[in-house]
There are 2 protein chains.
Amino acid sequence: MTVTLADVAARAQVSPATVSRVLNGNYPVASSTRERVLRAVDELDYVLNGPASSLAAATSDLVGILVNDIADPFFGIMAAAIQSEIGGPGGRAGGERLGVVCNTGGSPERELTYLTLLQRQRAAAVVLTGGAIEDTAHAGAVAAKLRKLHEAGTRVVLCGRPPAPEAPDAIALTFDNRGGGRQLTEHLIGLGHRRLGYIAGPEERTTTRHRLEGHRAALDAHGVEDDPRRTVHGRYDRRSGYEATLELLRRDPSLTAVVAANDTVALGACAALRDSGLRIPGDVSVAGFDDLPFSVDAVPALTTVRLPLSEAGARAGRIAMGREEPPPGGIATVRGELMVRGSTGVPRG
Amino acid sequence: MTVTLADVAARAQVSPATVSRVLNGNYPVASSTRERVLRAVDELDYVLNGPASSLAAATSDLVGILVNDIADPFFGIMAAAIQSEIGGPGGRAGGERLGVVCNTGGSPERELTYLTLLQRQRAAAVVLTGGAIEDTAHAGAVAAKLRKLHEAGTRVVLCGRPPAPEAPDAIALTFDNRGGGRQLTEHLIGLGHRRLGYIAGPEERTTTRHRLEGHRAALDAHGVEDDPRRTVHGRYDRRSGYEATLELLRRDPSLTAVVAANDTVALGACAALRDSGLRIPGDVSVAGFDDLPFSVDAVPALTTVRLPLSEAGARAGRIAMGREEPPPGGIATVRGELMVRGSTGVPRG
DNA sequence: AACGTGACAGCAAGCGCTTTCTATGCAAGA
DNA sequence: TCTTGCATAGAAAGCGCTTGCTGTCACGTT
């Protein structure tokens, strides 16, 4: 039924071993023979059997990319960058790898299951993107899996996620969320704001915590009181930003600025403010985080912290492919850049 | 080194066959035996060898999802929906499948290579999303691949892509881009617009052509002259929308409306108009397509055609998993819904 | 009491490839 | 001329799992 290596071998009048070697190009084969084999491959329209190959060679050409939410451009952009370096089709011939992105939807179980599935497939590498979940049990389970993967020869890279002390072999490209958060709030304080609302992401994520810590550090450093009622937690989506803003306004109508967990949330915040009859930044300034492509198009354009998602993703991809040296110590911090735009200004009054 | 089925079998004092059957649950095993096996699996921390399993069973648990641009929420949303139905971890136990999304970046070669890679992995199913490329040679090559995949037992589903006559076994869930485009332009004509600019996507994509055809059909039906100079082609991104709008304005400053190939492009158009000192919709109306999440947050909110991306994706996913009957004839058309919002209004003057 | 008859469990033959080791041929060195 | 050595090609032993087929019991039947 299906064409196998043996069929090709028969047609090319060589042994299966030779065909295999031609295909893998890691053993000398006389060019006349090679040609004959290649022709046979072509004529028979032969496609290698991946599982068989992986089984025999004890490695596969799968590279897993785990993302929290594939519908979120934050992850989409990173995933695209990673995948472009994985080579998939892009890379030089022979190095063809299947870069596959797996959407955990932010669920711990799915994260673990995908990791197991990838382990089962004997993936060549795994890249985990975005913030981690701060549940000790879960973090431990993930770390254990990562260790297992590493032992099995799978390269593990974290992109935009803090290093995992329990899985020291994982290379980590971490975003400086704390520093970014701090810069952002300092910018606002510098403009004169003293009553700042903060819309944080889900409680149990490292990204959420770090950005919030940065915010608080800034408040603290400048002697601005940090009223806990001015912080609201939500999800990383627009809806959440909308609702949280209304809640913040309810709690303190005298707010002059709203700092959001990310750009998407900030957009929701803008909508809520507008629907409440408030001007941006005339009445209330708004700041986001990430600098996703649409942020510059918001009206007014969003002040935010630009994270080099593409660059970081590309680097993570290269490291995963073993094409770039990991950073010393296996850990690198990627900084964000404050982008001051129209959505922030001096406070009213 | 690594734990194998045989190790588990030894530990549980049964034959490898029994362990396999416990794991696959497709053959009666006494519950006491099953328990013993499961315990051994647990104690040894055994993880099935995917390639070996796929080789022996001649099937794999991979499901491929091809997207044109994973950084674009249009695809991200569909991919998320598809993957959620693939089950990956979400599905009922045993049906665990690895839903992997592959980013073609709109490149024909990559599309083909991914298809081959998936074929090589003996994927259980493949879902192709978004518009196809209208190059005869390429379309033929893709169709041939799809046929091969089908023959090999891989289910093939197209989501948001027109049916492929040359690959009649592929189930197609098509978006009614033509109808949507027509509705949109009719809405504008109904408001009184007569000089409409159109920013089309890349020339060689079905999506581009269909939306444009809808636009032209509307013009034609209402006796509005279709000046070819009012149509500009570009990419499906913001930048392109920005530049195309400036170009359209240059060609005809008296334009009263701009119809964009999609929401992202529309956002770029809005920016260009604003930068040109024009009000939306006071001076120029703008319309998009897709109704991505950010469109409602644009200022003014974008008039657009809502495509049920999640629903269509979910359905495609279920069909790919064989959990839902394909539509009669293997083809279904998914309609869009016109969403009239603030970015369109009666023309000035 | 002899005999089906299920319900399980095991044997063993692959699945299609990679790779080690071995054979062969031929050119060059002694 | 005979040996060495290099460049290739082939033989064959797996890789770890699935599954058709063959037992083996313990029962229920007649």
Side-chain angles (χ1 to χ4, degrees), chain A residues 1-38 40-41 44-62 94 96 117 119-124 152-153, chain B residues 1-38 40-41 44-62 94 96 117 119-124 152-153:
Chain A
M1 214 350 272
T2 59
V3 184
T4 73
L5 237 211
D7 298 330
V8 176
R11 171 137 199 155
Q13 319 236 52
V14 296
S15 73
T18 301
V19 177
S20 172
R21 301 204 256 246
V22 168
L23 261 25
N24 291 298
N26 49 13
Y27 190 89
V29 173
S31 61
S32 66
T33 312
R34 182 202 322 289
E35 231 167 78
R36 204 145 29 93
V37 170
L38 256 17
V41 165
L44 295 177
D45 218 354
Y46 170 69
V47 174
L48 190 68
N49 181 316
S53 166
S54 296
L55 171 59
T59 63
S60 93
D61 50 8
L62 236 59
E96 271 171 11
L117 246 26
Q119 178 184 6
R120 172 178 304 183
Q121 298 299 331
R122 306 304 190 245
Chain B
M1 225 334 284
T2 59
V3 183
T4 72
L5 236 212
D7 299 330
V8 175
R11 171 135 198 157
Q13 318 235 53
V14 296
S15 73
T18 301
V19 177
S20 171
R21 301 205 253 246
V22 167
L23 261 25
N24 290 300
N26 50 12
Y27 191 87
V29 173
S31 62
S32 65
T33 312
R34 181 202 322 288
E35 233 167 77
R36 204 144 29 93
V37 169
L38 256 17
V41 166
L44 295 177
D45 217 354
Y46 170 70
V47 174
L48 190 68
N49 182 316
S53 166
S54 295
L55 171 57
T59 64
S60 93
D61 49 9
L62 236 59
E96 270 171 10
L117 245 27
Q119 178 185 6
R120 172 178 303 185
Q121 299 298 332
R122 307 303 190 245

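When each of B/Leu55 and B/Arg34 is assigned the nucleotide of DNA chain C with its nearest heavy atom, B/Arg34 is the one assigned upstream, toward the 5' end. Nucleotides of DNA chain C nearest to B/Ala30 and B/Ala56 differ in position, and the one nearer the 5' end is that of B/Ala30.
Remark: the A/Tyr27 side chain and the D/dA7 base include no donor-acceptor N/O pair separated by less than 3.5 Å.
Considering only side-chain atoms of B/Asn24, the nucleotide from C/dT18, C/dG16, D/dT18 that sits closest is D/dT18.
Atom CG in A/Leu23 sits about 13 Å away from atom P in C/dT19, given to the nearest Å. Put simply, CZ on B/Arg21 is 13 Å from P on D/dC21, counting in whole angstrom units. Taking atom CG on A/Asn49 and atom C1' on C/dG14, their separation rounds to 14 Å, with Å as the unit. For B/Gln119 and C/dG16, the CD to C1' distance is 15 Å, given to the nearest whole Å. Following rounding to the nearest Å, B/Gln121 (CD) and C/dG16 (P) show an atom-to-atom distance of 15 Å. Rounded to whole Å, the distance from CG on A/Leu48 to P on C/dC17 is 6 Å. When the P atom of C/dG16 is taken as reference, atom CG of A/Leu44 falls 15 Å away, rounded to whole Å. Counting to the nearest Å, the P atom of D/dC15 and the CG atom of B/Asp7 are 12 Å from each other.
Within residues 10-18 of chain A, the residues having any heavy atom closer than 4.0 Å to DNA chain C are, in order of number, A/Ala17.
Contact check, A/Thr4 against C/dG16: no side-chain N or O comes under 4.0 Å of OP1 or OP2. Regarding contacts with the backbone of C/dA9, a side-chain N or O of B/Thr33 is found under 4.0 angstrom from either OP1 or OP2.
Using a 4.5 Å cut-off on side-chain heavy atoms (C-beta onward), A/Leu117 and A/Arg120 make contact. Side chains of B/Asp61 and A/Gln121 form a contact here, defined as non-hydrogen atoms less than 4.5 Å apart. Using a 4.5 Å cut-off on side-chain heavy atoms (C-beta onward), A/Leu23 and A/Val41 make contact. Residues B/Val22 and B/Leu38 have side chains in contact (heavy-atom distance under 4.5 Å, counting atoms from C-beta outward). Under the 4.5 Å side-chain criterion, counting only non-hydrogen atoms from C-beta, B/Pro16 is not in contact with B/Val19.
Direction change of the helix axis from one end of the helix from C/dA1-D/dT30 to C/dA30-D/dT1 to the other is 50°, with five pairs defining each end axis (rounded to 10°).
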Indicate every side-chain donor-acceptor pair of residues 44-54 of chain A with a distance under 3.5 Å to a residue at least two apart or in another chain.
residue: A/Asp45; atom: OD2; partner: B/Lys148; partner atom: NZ; Å: 2.5
residue: A/Asn49; atom: OD1; partner: A/Ala52; partner atom: N; Å: 3.0
residue: A/Ser54; atom: OG; partner: A/Gly50; partner atom: O; Å: 3.1
residue: A/Ser54; atom: OG; partner: A/Thr59; partner atom: O; Å: 3.3

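Annotation: side chain to side chain contact (heavy atoms under 4.5 Å, CB included) contacts of B/Ala56 (sequence neighbours excluded): none. Residues forming a salt bridge (Lys or Arg N to Asp or Glu O under 4.0 Å) with A/Arg11 (at least two apart in sequence, or on another chain): A/Glu43.
Annotation: side-chain hydrogen bond (donor to acceptor under 3.5 Å, both in side chains) contacts involving residues 23-32 of chain A, sequence neighbours excluded, comprise A/Ser20-A/Asn24.
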